[in-house]
Amino acid sequence: VQLQASGGGLVTPGGSLRLSCAASGSAFSPVVMAWYRQAPGKQREFVAIISSGGTNYGDSVKGRFTISGDNAKKTVYLQMNSLKPEDTAAYYCYTVHNGVSYWGNGTQVTVSS
């Protein structure tokens with residue numbers, strides 16, 4: 001399984017970005033996919049997760065970020081609204097397949113005026 005994240009960039013405070021993470025692997029069918037982020041000098045932080053059971057969000061992004069998925073495309077999205085400077089980080093997508101964890105490449109999000 002390979003995960004390819006995209007969509008990061010520079011945005012001013014209050015702006016929006018949409019991240020995408022496409023999974024590849026013919027035997028892979030998404031069951032759970034998630035987003036994490038890591039700012040310089042900080043630990044990796046949970047952002048959002050989606051599964052057949054629904055969605056869940058980290059406290060710092062609730063009400064501002066929305067995770068969604070397209071199983072046919074094996075892609076998960078993260079719509080980020082009302083961005084704040086503290087959202088600046090590298091964002092990583094994550095999934096589990098046959099008990100093995102997979103991480104995508106990071107996509108950098110910078111929120112600055």
Side-chain angles (χ1 to χ4, degrees):
V1 178
Q2 290 188 322
L3 302 175
Q4 180 67 45
S6 61
L10 173 64
V11 63
T12 54
S16 298
L17 279 176
R18 188 193 195 206
L19 306 183
S20 300
C21 176
S24 61
S26 58
F28 174 68
S29 179
V31 175
V32 57
M33 295 189 76
W35 287 96
Y36 287 76
R37 67 186 182 186
Q38 188 166 19
K42 295 187 177 181
Q43 289 188 332
R44 192 163 291 190
E45 175 189 18
F46 167 73
V47 175
I49 191 167
I50 185 168
S51 69
S52 58
T55 59
N56 198 16
Y57 298 89
D59 288 341
S60 61
V61 307
K62 281 180 181 177
R64 300 187 298 121
F65 291 11
T66 302
I67 189 170
S68 61
D70 184 333
N71 276 355
K73 295 182 178 179
K74 299 181 182 180
T75 299
V76 65
Y77 305 97
L78 186 69
Q79 177 66 43
M80 306 185 295
N81 298 328
S82 302
L83 283 161
K84 305 175 181 180
E86 51 263 43
D87 294 318
T88 295
Y91 283 70
Y92 299 88
C93 52
Y94 166 89
T95 192
V96 178
H97 178 59
N98 288 340
V100 178
S101 296
Y102 295 89
W103 291 92
N105 59 304
T107 186
Q108 180 67 34
V109 172
T110 302
V111 185
S112 175
S113 55

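Keep in mind that what you see is a predicted model, and the values were worked out from it rather than measured.
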Residues which pass side chain to side chain contact (heavy atoms under 4.5 Å, CB included) with S6, listed by chain and number, not counting sequence neighbours: S20
Partner residues of V1 under the side chain to side chain contact (heavy atoms under 4.5 Å, CB included) criterion, sequence neighbours left out: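 Listed in chain order: L3, F28, T95, H97, Y102.
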Kindly indicate whether the side chain of [X], heavy atoms from C-beta on, has any atom under 4.5 Å from the side chain of [Y].
X: Q4; Y: S24; result: no
X: M80; Y: S16; result: no
X: V109; Y: L17; result: yes
X: I67; Y: W35; result: yes
X: P13; Y: P85; result: yes
X: V32; Y: I49; result: yes
X: T12; Y: V111; result: no

Main-chain N/O of S82 paired to R64 side chain as donor or acceptor, under 3.5 Å: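 Confirmed, R64 side chain pairs with S82 backbone.
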Any donor-acceptor N/O pair, D70 side chain to T75 backbone, under 3.5 Å: no
Over 12 non-hydrogen atoms of neighbours within 6.0 angstrom of CD in Q108: yes
Whether over 12 other heavy atoms sit under 6.0 Å from Q43 CD: no
Identify the two heavy atoms, one from [X] and one from [Y], that lie closest to each other, and give their separation to 0.1 Å.
X: G104; Y: Y92; answer: O-CD2, 3.5 Å
X: T107; Y: A5; answer: CG2-CB, 4.2 Å
X: F46; Y: G58; answer: CE2-N, 3.5 Å
X: V47; Y: V61; answer: O-CG2, 3.4 Å

Spatial distance of atom CG (N56) from atom OG (S51) [nearest 0.5 Å]: 9.0 Å
Rounded distance [0.5 Å steps], OG in S113 versus CG in L10: 9.5 Å
R18 NZ/CZ over Y77 ring centroid, <6.0 Å and within 45° of normal: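 Output yes; distance and angle both within limits.
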Parallel, tilted or perpendicular: ring planes of W103 versus Y36, cut at 30 and 60 degrees: perpendicular
Common cluster, M33/V100, ILVMFWY with side-chain heavy-atom separation under 4.5 Å: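 Linked within one cluster.
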Common cluster, L19/Y94, ILVMFWY with side-chain heavy-atom separation under 4.5 Å: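 L19 and Y94: separate clusters.
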Residue pair D59, K62: steps toward the salt bridge (charged side-chain N to carboxylate O under 4.0 Å, His left out) verdict: CA-CA 5 Å; D59 288 341; K62 281 180 181 177; 3.2 Å; yes
Residues F65, L83; criterion side chain to side chain contact (heavy atoms under 4.5 Å, CB included); working and verdict: CA-CA 9 Å; F65 291 11; L83 283 161; 3.8 Å; yes
